[in-house]
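In what follows, every heavy atom counts, from backbone to side chain, and hydrogens, waters and symmetry copies are set aside. Naming convention: chains lettered A, B, ... in sequence-line order (proteins, then strands); numbering from 1 in each chain.
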Protein chains: 2
Amino acid sequence: MVEQRDEQQLSEILKATSDATRRSLLTTLVQAGPTRVTDLANHYDMSLNAVSKHIKVLEAAGLVSRRTVGRNHLIEANLDPIQRIDDWFRNLRSIWELRLEKLDHLLTEDRNDD
Amino acid sequence: MVEQRDEQQLSEILKATSDATRRSLLTTLVQAGPTRVTDLANHYDMSLNAVSKHIKVLEAAGLVSRRTVGRNHLIEANLDPIQRIDDWFRNLRSIWELRLEKLDHLLTEDRNDD
DNA sequence: AAAATAATCAACCAAAAGGTTGAATAATGG
DNA sequence: CCATTATTCAACCTTTTGGTTGATTATTTT
């Protein structure tokens, strides 16, 4: 029953990325490299605490990692988990195409190639 | 300022797919083709109304469409919007790679190839 | 016409999400 | 050592989410 766990993980990744502020944080991190929480927070019209929370959501989803250097927490993007979204989508599309193939066979009444 | 709208749309798509039940609905629809609400609901341990709501979330995100035939509503998957997720990811990755390139130039102090 | 079926609408509820403010903790700088 | 800075923790609040049940609207069947 690993599937259950995978599903849960995928939900977490999708939910984490579904918030515009968090996507924006990811973009900033990807273009700026490891950045302190305070410096990230300065870009937004919300409290440091709110940003800190968003970072924790991203962290739980594995989309960022944290390296603590003294009192500074350096946050770094990690895009690997997004691959899971792509995997899911590819799988979905392959199921779709499989059905269309079968449908095509039925419609053309193509009984010669089995 | 179309970006704002795009962002909102992307959020909606990601949020819609972030729920395991809704992803499962999409999978069913993709493999079974257009399906009635009641038939969809039979697969789940929740009320018809709950499923009906989920379908509306998917519909709002453009991930399913509805064709009403008498009292039956035929729901059909539409995977096109998922491409937006892929676009976002590709963009993110390209920003990432751009930064790594610049970083590489700086580190190798490579002043000969500009 | 009446009964049954398919689906939504509306009101409600509990839990989660996204934000706030006010400590608390930990590291740095004078 | 003391003040400042960086960050999280905790409590709280409002809105959203995911579910329920009961009523309503359409359509079909008998």
Under 4.0 Å between a side-chain N/O of [X] and OP1 or OP2 of [N], yes or no?
X	N	answer
B:Lys15	D:dT17	yes
B:Arg66	C:dA7	no
B:Arg71	C:dT8	no

**OP:** Name the closest nucleotide to the B:His73 side chain, picking from C:dA6, D:dA6, C:dT8.
**Re:** C:dT8

Subject >> Hydrophobic cluster membership, B:Leu79 vs A:Leu10, 4.5 Å side-chain cutoff >> reply: yes

Subject >> Flag side-chain contact, heavy atom, 4.5 Å: B:Thr21 against B:Met46 >> reply: yes

**OP:** Would you mind reporting whether A:Ile82 and A:Ile85 have side-chain heavy atoms less than 4.5 Å apart?
**Re:** yes

Original post:
In residues 40-62 of chain B, what residues come within less than 4.0 Å of DNA chain D, judged by heavy atoms?
Top reply: B:Met46, B:Ser47, B:Asn49, B:Ala50, B:Lys53, B:His54

Original post:
Between A:Asn72 and B:Thr35, who's closer to the 5' end of DNA chain C by nearest nucleotide?
Top reply: B:Thr35

**OP:** Tell me, with the steps shown, if B:Val64 and B:Glu76 meet side-chain contact (heavy atoms from CB on, under 4.5 Å).
**Re:** CA-CA 5 Å; B:Val64 307; B:Glu76 180 165 22; over 6 Å; no

Subject >> Interatomic distance where CD1 belongs to A:Ile75 and P belongs to D:dA6 [whole Å] >> reply: 14 Å

Original post:
In whole Å, what is the span from the CG atom of B:Leu14 to the C1' atom of D:dT17?
Top reply: 17 Å

**OP:** Determine whether more than 12 heavy atoms belonging to other residues, nucleotides or ligands lie under 6.0 Å from atom CZ of A:Arg99.
**Re:** yes

**OP:** Over all heavy atoms of both residues, which pair between A:Gly62 and A:Asn78 is shortest? Give the atoms and the distance, please.
**Re:** O-ND2, 3.4 Å

